[in-house]
Every structure is written in C-alpha cells, then in structure tokens.
Amino acid sequence: MRRFDLALPNSVDDCLKILAERGPQAKLLAGGTDLLPQMKNGVLKPALVVDLSGISRVRQVQGSNGQGLRIGAAVTARELEVSPAVRGAYLSIAESAAMVGSLQVRNLATVGGNLCNAAPSADMAPPLVALEAQAVIAGPGGERRVPMADFFTGVRKTVLAPNEMLVELVVPAPGAHSGGQYLRHTPRRELDIAVVGVASQLTLANGVCAKARIALAAVAPVPLRATAAEQSLEGQPVTPERIARAAELAVDVARPISDQRGSAEFRRHLVRVLTRRTLTTALARASL
Ligand SMILES: Cc1cc2nc3c(=O)[nH]c(=O)nc-3n(C[C@H](O)[C@H](O)[C@H](O)COP(=O)(O)OP(=O)(O)OC[C@H]3O[C@@H](n4cnc5c(N)ncnc54)[C@H](O)[C@@H]3O)c2cc1C
C-alpha cells in the first residue's frame, strides 16, 4: 500500500471544500471494500483518501408512510437488509443488499460505494433503477439530482465529477398495489458476483398493470432498463403468457459478453429466467 493523506470531514460542505482543492488526487472512502483492494493492487493510487464516516447526513435512512425513502450514500448493505422502512415497500432494495458479499462485507459495504464503484455486476443498482430512484449529488454549484438510470456512463464510470460526491438516494414511494423483487445468479451461494441480476417492479390498478419497470445487471457496461418489455406489460392484465413475452423482450435488450463466469448465450438465458421469476414474484407481491 502506498502512503496517502487521510481527511476526515464532518459535513458535506467540508468534504466538498477538500474535493475543490484536491479532487483529482482524492478518493472518497465509505466502507473501503472496493477502494482498499484497488489501492492494494495498485489500480488506484490516490494521494488523499477522504473518509466519509464522520458525515452524519450520509449515514441515515429516512422513510415515512407513502412519502418515499431517503437513503444516505454511506448507509451499509447490512442496514438496508434489516431496515423495516426498506423491507416494507422497497423490499427489492433489501434483497439486493442482502446478497452483497458476506455478513462481514455487508457491515462495511455501502450503497454509495456500490453505485460509485460502478461495476456492471453491482447488486444494489438494478432495484434502485427499477424503483426510479434519483441520486442526489453535491458539488461546488450546489446539489443536483440524476435519475439512477442515467447515473452510470460506463464500466466503473459515473456522471460524478472529481469535485462532486453522492450524498443520498431519493426513492419515490411505489404506491399501493406495487411489488418488486431482485434476483441474481451466481455459481456460488456467497462471496460471488452476479453473472446476471434482474430487478422487476410492478404496480397494479383495476386489474391491469399500471407501471412495469425491469432493470438488468451484468449484461452491459451499465445497468439497463428493458423498456420494450415494460411497455408490453403496461395497460394489460399480467398473465403468465405476457410475463413470458416480456422476458423474451428483456433478452433482446441485453448486450452480454462471454467471460470465465459465463457465456453470452448463458447470460441471455439467465435474463429470460430471472425476468420471468422476478415478474412473477412482483405480481404476487403487488396483489397482496
Ligand atoms: C469479498 C467481497 C465480496 C463482494 N461481494 C459483492 C457482491 O456480492 N455484490 C456486489 O455488488 N458487490 C460486492 N462486492 C463489492 C463491494 O463490497 C460493494 O461494491 C460495496 O457496496 C462497496 O461499498 P464500499 O462502501 O465498501 O465502497 P468503497 O470501497 O468505500 O468505495 C467504492 C468507490 O466508490 C467511491 N465512493 C464511495 N462513496 C462515495 C460517495 N458518497 N460519493 C462519491 N464516490 C463515492 C469511492 O471513492 C470508490 O471509488 C464485494 C467485495 C468484496 C471485497
């Protein structure tokens, strides 16, 4: 590990001042489960590490009935996994958090770190895309909001500038008769990354699908929405046949690569299976 300076800001403003001075040489540290291995193996060599643990605003989950959810960027996967506010109307977020690493990893790993590291396989991204969350980003000019679907720009790339930080995620309340699920496939049960991940969210009204959202992970450089599949469901009663058709349309949007973890063909098969399964569960949960 190379030597680096450490800064411990205790507010978002203090953090932004540090980034304004040394942004291009700095890396923010949340749980460190992505950053520290990358520093140890020399992929990243920041001269300054800015530890976010002293900033209370980024460590809170706030949710109220029907008003939506605000998740601080430095909230851990474990906190999301067990939070009653998250497990209620936003169960797919808790499900994705529960799949990250092991219990020890989840006690450190944060949602902001997962998103800002921007691995195509990041588990916490698809449910946030499917729930139409917005990233609240603070920078020198104030705060801006970016829909999660537009947050990622490439493998390990996001819309964040070096002088900006992710502060929180704002998740709109899905409303009544809405349900979602996140599933992924991994060859091993734990401590493995998604070969494919799929999040689905369905909202029903008067017996038909009022809104469908389907987000895919690990089949493109960035998480993808399967919009044609979504549109095939909206305005219709959700039947097994329509779910099967939506799963086929989701396959069409996937752009998977072949690597040591799975062939492109296997990944397309997984998109079909996981889309069908998550839509079926989302329908059941929305019907409760
Ligand atoms: C053994 C092991 C198993 C893992 N398993 C999984 C898995 O199953 N699924 C999965 O998705 N991931 C997995 N990971 C990856 C990792 O744990 C997650 O991506 C985790 O959520 C990263 O969060 P962190 O807080 O540790 O991020 P950090 O390592 O602290 O930061 C990651 C990156 O994000 C930046 N960053 C952090 N917070 C902010 C912010 N607020 N604003 C701007 N930039 C920020 C950092 O500068 C850094 O570049 C695993 C890692 C390990 C070591």
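Counting convention: from 1, in listed order, for ligands and their atoms alike.
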Count the heavy atoms of every other residue, nucleotide or ligand shown that sit under 6.0 Å from CZ of Arg277, and state whether that count exceeds 12.
no
For a 4.5 angstrom cut-off between non-hydrogen side-chain atoms, does Arg144 reach Val159?
yes
Contact set, ligand 1, heavy-atom distance under 4.0 Å, ordered by chain/number, equals Lys27, Leu28, Leu29, Ala30, Gly31, Gly32, Thr33, Asp34, Leu35, Leu52, Ala73, Met99, Val100, Gly101, Val105, Leu108, Ala109, Thr110, Gly113, Asn114, Cys116, Asn117, Ala122, Asp123, Met124, Leu160, Met165, Leu166, Arg184, Leu191, Asp192
Exceeds 12 heavy-atom contacts within 6.0 angstrom, atom CZ of Arg285
yes
Is the count of non-hydrogen atoms from other residues, nucleotides or ligands lying under 6.0 Å from Arg261 atom CZ greater than 12?
yes
Salt bridge (Lys or Arg N to Asp or Glu O under 4.0 Å): pairs with one or both residues in residues 206-215, sequence neighbours excluded
Glu132-Lys211, Glu132-Arg213, Arg213-Glu230, Arg213-Glu234
Side chains of Leu28 and Val49: does their closest heavy-atom pair fall under 4.5 Å?
no
